[in-house]
Asks: 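Starting off with a structure, shown below.
Any value given below was found using the heavy atoms of this structure, including those in side chains, with hydrogens, waters and symmetry copies removed.
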Amino acid sequence: MKQIVQDIKNGNTILEDVPAPIVANGQILVQTTRSLVSLGTERMLVEFGKANMLQKARMQPERVKMVMDKVKTDGLTPTLNAVFSKLGQPLPLGYCNVGKVIAVGKGITEFNVGDRVASNGPHAEYVSVPQNLAARIPDNVSDDEAAFTVIGSIGLQGIRLANPTFGETIVVIGLGLIGLLTAQLLKANGCRVIGFDYDDRKVALAKDAGIMAYNPSDGTDTVKLVNSLTGDVGADAVLVTASNKGNEIISQAAQMSRKRGRIILIGVIGLDINRSDFYEKELSFQVSCSYGPGRYDADYEQKGQDYPLPFVRWTEKRNFQALLQAISDGSLKVEPLITERIPLQEYEKIYGNMSGSGSIASILVYEEKSGQPGNSISVGDKKFEGQKGVIGIIGAGNFTGATMLPALKKCNAPIKYIASSGGLSGTTLARKFGIANSTTDYKQVLADPEVDVAIITTRHNKHASMVIETLDANKHVFVEKPLALNKAELDGILAVYEKHDKTINVGFNRRFAPLAVKMKQLLGDPGSAINITATMNAGFIPAQSWVHDMEVGGGRIIGEACHFIDLCTYLTGSKVKSVCMNAMGTNPEENTDNVSILLRYENGSNVVINYFANGSKSYSKERLEVYSNERTLVMDNWRKLYGYGFKGFSSLSSGQDKGHVAQFALLLKLIKDSGGPLVPLNEIVNTTLASFAAIESLKTGAWVAI
C-alpha cells in the first residue's frame, strides 16, 4: 500500500510503499477513501524535517540537554549513533481519515465490514485503528465532509473546556481550519462569535458563516474592538486557535477578556504571560488536549476501556460522533472550506509548498481497490537458498533499529524478514539495513522454511506466545528479555521446548561485553563466594508507559533488572538460591522501579542490585563492584574497568560496548554449527524465576526461595 511519510533527517515528504497492516485485536481495518491534510500541524513537521541540525536543535532545546548528558555518560559515538537513528525514523503524516471497514478484530462488536467510518488514521491506503478512535458516519454525510471529523473535534474539545452558555460573546483568534470550525460550532451553540485573522480569504469565509470577523492588518485594534462590541465588558471567553511564536496573542487575549473570563489555548503560541493582566481580572487559562478525554490514555485508546458516560459525558470518540451529527443536521457546514481535492499520487501538489499554500482544507482522494491488501513487500533481491543461520525479525521498535540491527550488520547476518505491526517502521529498517522483505504478518516469518531463527523484539506481553509459536514452527528462537512475564507463561514455554530440538536464547547481552569477559577472566575460579554490588541508574519513565503495565511490560524489574541478575550469575559461576527485594516508599506492593534486590547464590555469593529511577542522567547508567579474595573490580558504564589487588592489571578503557555484537556473532556461529544456546537454559530459567521472586518478595516482605 501507499503511505505519506515525512523524512525527518533530510526533509523529504515521501509516498512510501509499505505492507498493509493486519487487523489487530480490538481494532478495525479500514480501506481509506479520503483523508484531510492538517496544514497547521503537518506544516510544522515538514518544516522541522527540512531544517538543518542547528535549526532542529534550536526548535527543541530541551532535547539538546538530554544529548549533552548522554555524551557525558555514554561517550560521543554512541550518542551520535542514537541521535541519527532517531532522525532516521520517518513520521507518518495525517490524522483525519475516512474509509470503509474491510475487517474487524477480535472483541469488536460496534462495527461491521462495510461500515463507513471516520478515524484518526494517517494518510495511508489502509489503516488499522482502535475502536475508540473511530466513529460510524451517518448516511447523509459524504466522505469529503466526514474527513473534517477529527480536526473538528480538536476545536470542539476547546469549546467544552470554555463551557460557553447561550448568549455569551466568544472571541476566536486565528481563523485557520480549526478556527473556522470552532467559530461555527460556537455560533451553533448560541454564542455571539468574534473572529480575527490576517488572511482576508479566511475572514471572508467566517463572515459567510455568520461570524463577526476582522483582519487586524487594516489597523483594527482588536482589544478596543472587542470592548466596544461588548459595551466595555469584554469577551466571556477567548479561544486561541492561532499558531504564532510571539507573546502578543496571549497578552491581547487577556486584555480583551472580561473580569473572570476564560482563555483556552487550542493552537501554539508564545506563553510569556503578564501576571498583572491575569491578576487584575482573575482570568482562568487552560490548554486544550487534542480530541478530548481519553487522548493518550492507553487503557482507553488501545485497550478499548470506555469512560462511563454518566461521569465523562464527552470522550474523544463521543466528540467524533457529535461532530458527525452536527454535519449531518446542517449546523456545521464544511463543504465551503474545501479548497482542493487531490489524488493521493499527486500529493506533492499539497506538500511541495505548504508554507505558501493558500489552501484552507485539502482533501486527498484514494483509488477504490478490490480484494485483500498485501501484507508483505520485497525490499531487495537477495537469495537465501542453502544458507544456514537465516534470520527473521519480529518487531521493529527503537531498540531494534538503534541497537540490534547495527550489531547484526557488523556480523554480516543474513536477514530475510522484518515484521512490524504498522509496516512503516519495518520497511524503513529494511531499506536501511538491506533486509530482503518487510511484512506486517509475522506468521510469514515462521512459515518460511529458509528461516532458521526468529528474533523477537516485540512488547513483553507477546514474548511467551511468540516463543512457543517459533518452537512449534521448528525454528531456533532469540527473544529480547524478558522470556516470560509470569510462572504460567514460563511453564508453557518449557513444556513446548521439551517437544523440539531447537534452542531458546534470551538477550542477556551484558555477559558478552568485553569488560564483563575481562572481569570473568581476572576473577578466574575464586574458589569461594564473592560479593557484588550492582547499580542501574535506570532513569525515569512516566507512569503511563507500557513498560510499567504489569500485563504488557511486566514492570521494570522483570523487564530490565533481569539483565543484571544474569550478569551476576555469569560472574559468580552459580545460580540464585533465594531473593529479597525492598522498595522505596511506604506502600510495598506498588509496582516500583526504585528497589534494592538481594540475591543469595548456591555457592554462597552475595549480590545486591540497586535499580533506581530517581538518579541524575548525567551520572553513569550502570556500575558494578566485585569483591573477591582481597581484590576489587569496578566497572563504570561499560567504558572503564579498574582493578585493585590484581597483579599486572590496574585499568582498562574501551568504547561503550554492552556485548550486543559479540552476542549475535556467537548466536550465528552456534546456529550454523548446530551448537547449544548462548546461555544455558537452566541459567535462563533461574534468572527468570529470580525476577518473579523479587516481585513476590516485595509483596510478602520476606525472602523467597527459587
Side-chain angles (χ1 to χ4, degrees), residues 1 3 17-27 29 103 105-106 124 126-128 130 302 372-380 382 384 389-401 404-405 408 413-433 435-485 489 492-493 496-497 500 502-507 546 552-553 664 667 671:
M1 73 170 188
Q3 178 172 1
D17 187 19
V18 300
I22 298 285
V23 64
N25 293 341
Q27 298 195 3
L29 184 62
K106 185 178 179 181
Y126 297 91
V127 298
S128 182
Q302 303 303 322
Q372 291 299 309
N375 303 119
S376 182
I377 65 168
S378 177
V379 179
K382 293 183 178 179
F384 297 88
V390 175
I391 294 171
I393 299 173
I394 303 173
N398 289 335
F399 174 78
T400 304
M404 193 184 73
L405 281 171
L408 286 168
I415 308 174
K416 187 171 184 180
Y417 294 96
I418 184 166
S420 60
S421 59
L424 176 58
S425 59
T427 302
T428 300
L429 294 176
R431 297 193 192 285
K432 181 177 180 180
F433 291 97
I435 301 171
N437 300 283
S438 172
T439 181
T440 52
D441 183 4
Y442 75 91
K443 294 183 183 295
Q444 291 187 18
V445 177
L446 304 182
D448 191 328
E450 290 185 343
V451 174
D452 296 308
V453 56
I455 295 180
I456 300 167
T457 65
T458 60
R459 289 188 175 184
H460 302 165
N461 60 319
K462 296 182 179 180
H463 285 188
S465 61
M466 286 187 172
V467 167
I468 290 172
E469 285 187 75
T470 302
L471 292 173
D472 279 337
N474 199 35
K475 300 186 188 302
H476 298 282
V477 61
F478 177 97
V479 60
E480 261 308 313
K481 48 74 193 164
L483 174 61
L485 294 185
E489 287 185 351
I493 290 171
V496 174
Y497 170 77
H500 303 283
K502 300 301 180 181
T503 61
I504 296 176
N505 303 277
V506 179
W546 67 269
V552 180
F664 286 120
L667 175 67
I671 291 174

Asks: Residues two or more places apart in sequence or in another chain: which of them pass salt bridge (charged side-chain N to carboxylate O under 4.0 Å, His left out) with K443?
Replies: E469
Asks: Could you work out, with side chain to side chain donor-acceptor pair (under 3.5 Å) as the rule, every residue matching T427, not counting sequence neighbours?
Replies: S438
Asks: Please name the pair of heavy atoms, one in P449 and one in K475, separated by the smallest distance, quoted to 0.1 Å.
Replies: CA-NZ, 4.1 Å
Asks: To the nearest 0.5 angstrom, please state how far the CG atom of N375 sits from the OG1 atom of T440.
Replies: 4.0 Å
Asks: Do F664 and I455 come close enough that some side-chain heavy atom pair is under 4.5 Å?
Replies: yes
Asks: Test of understanding: with ring-ring contact (aromatic ring centres under 6.0 Å, His included), list the residues that count as partners of Y442, not counting sequence neighbours.
Replies: none
Asks: Among all residues two or more places apart in sequence or in another chain, which pass the salt bridge (charged side-chain N to carboxylate O under 4.0 Å, His left out) test with D441?
Replies: none
Asks: Between NE2 of H476 and CD1 of I504, what distance do you get to the nearest 0.5 Å?
Replies: 11.5 Å
Asks: Restricting to non-hydrogen atoms, name the atom on G389 and the atom on I671 that form the minimum distance, rounded to 0.1 Å.
Replies: CA-CG2, 3.9 Å
Asks: Let me see the working for T503 and V453 under side-chain contact (heavy atoms from CB on, under 4.5 Å), right down to the final yes or no.
Replies: CA-CA 9 Å; T503 61; V453 56; over 6 Å; no
Asks: Drop me the distance from T439's OG1 to Q444's CD, to the nearest 0.5 angstrom.
Replies: 3.5 Å
Asks: Quick one: closest heavy-atom pair of I456 and V467, and the distance?
Replies: CD1-N, 3.7 Å
Asks: Mind checking salt bridge (charged side-chain N to carboxylate O under 4.0 Å, His left out) for K502 and listing every partner two or more places apart, or none if nothing turns up?
Replies: none
Asks: The criterion is side-chain contact (heavy atoms from CB on, under 4.5 Å); which residues satisfy it with E450, sequence neighbours excluded?
Replies: F384, E385, K416, D448
Asks: So which atom in P19 and which in M1 form the shortest heavy-atom distance, rounded to 0.1 Å?
Replies: O-CE, 4.0 Å
Asks: Show me the pairs that pass side-chain hydrogen bond (donor to acceptor under 3.5 Å, both in side chains) and involve residues 452-463, at least two apart or across chains.
Replies: T400-T457
Asks: With sequence neighbours left out, write down each residue that passes side-chain contact (heavy atoms from CB on, under 4.5 Å) with A103, or none if nothing qualifies.
Replies: V23, L29
Asks: Taking all heavy atoms of A124 and all of V127, pick out the closest pair and write down the distance.
Replies: CB-CG1, 4.1 Å
Asks: Can you name the closest pair of heavy atoms from A413 and I391 and give their distance?
Replies: CB-CD1, 3.8 Å
Asks: For Q27, which residues count as a side chain to side chain donor-acceptor pair (under 3.5 Å) partner, sequence neighbours excluded?
Replies: S128
Asks: Taking only residues two or more places apart in sequence or in another chain, which ones pass side-chain contact (heavy atoms from CB on, under 4.5 Å) with D472?
Replies: I468, V496, H500
Asks: Is the closest side-chain heavy-atom distance between E480 and F478 below 4.5 Å?
Replies: yes
Asks: How many angstroms lie between atom CG of L483 and atom CG of N505, to the nearest 0.5 angstrom?
Replies: 10.5 Å
Asks: Compare all side-chain heavy atoms of Y417 with those of V451 and state whether any distance is below 4.5 angstrom.
Replies: yes
Asks: Holding to side chain to side chain donor-acceptor pair (under 3.5 Å), I want the full list of residues that pass it with N437, two or more places apart in sequence or in another chain.
Replies: none
Asks: Let me confirm one number: the NZ-CD1 distance from K382 to I415, rounded to the nearest 0.5 Å.
Replies: 7.5 Å
Asks: Flag the pair I393 / L405 as yes when at least one side-chain heavy-atom distance between them is below 4.5 Å, and no otherwise.
Replies: yes
Asks: Measuring from I435:CD1 to L408:CG, what's the distance to the nearest 0.5 Å?
Replies: 8.5 Å
Asks: Go through the structure and list residues passing side-chain contact (heavy atoms from CB on, under 4.5 Å) with S420, not counting sequence neighbours.
Replies: A396, S425
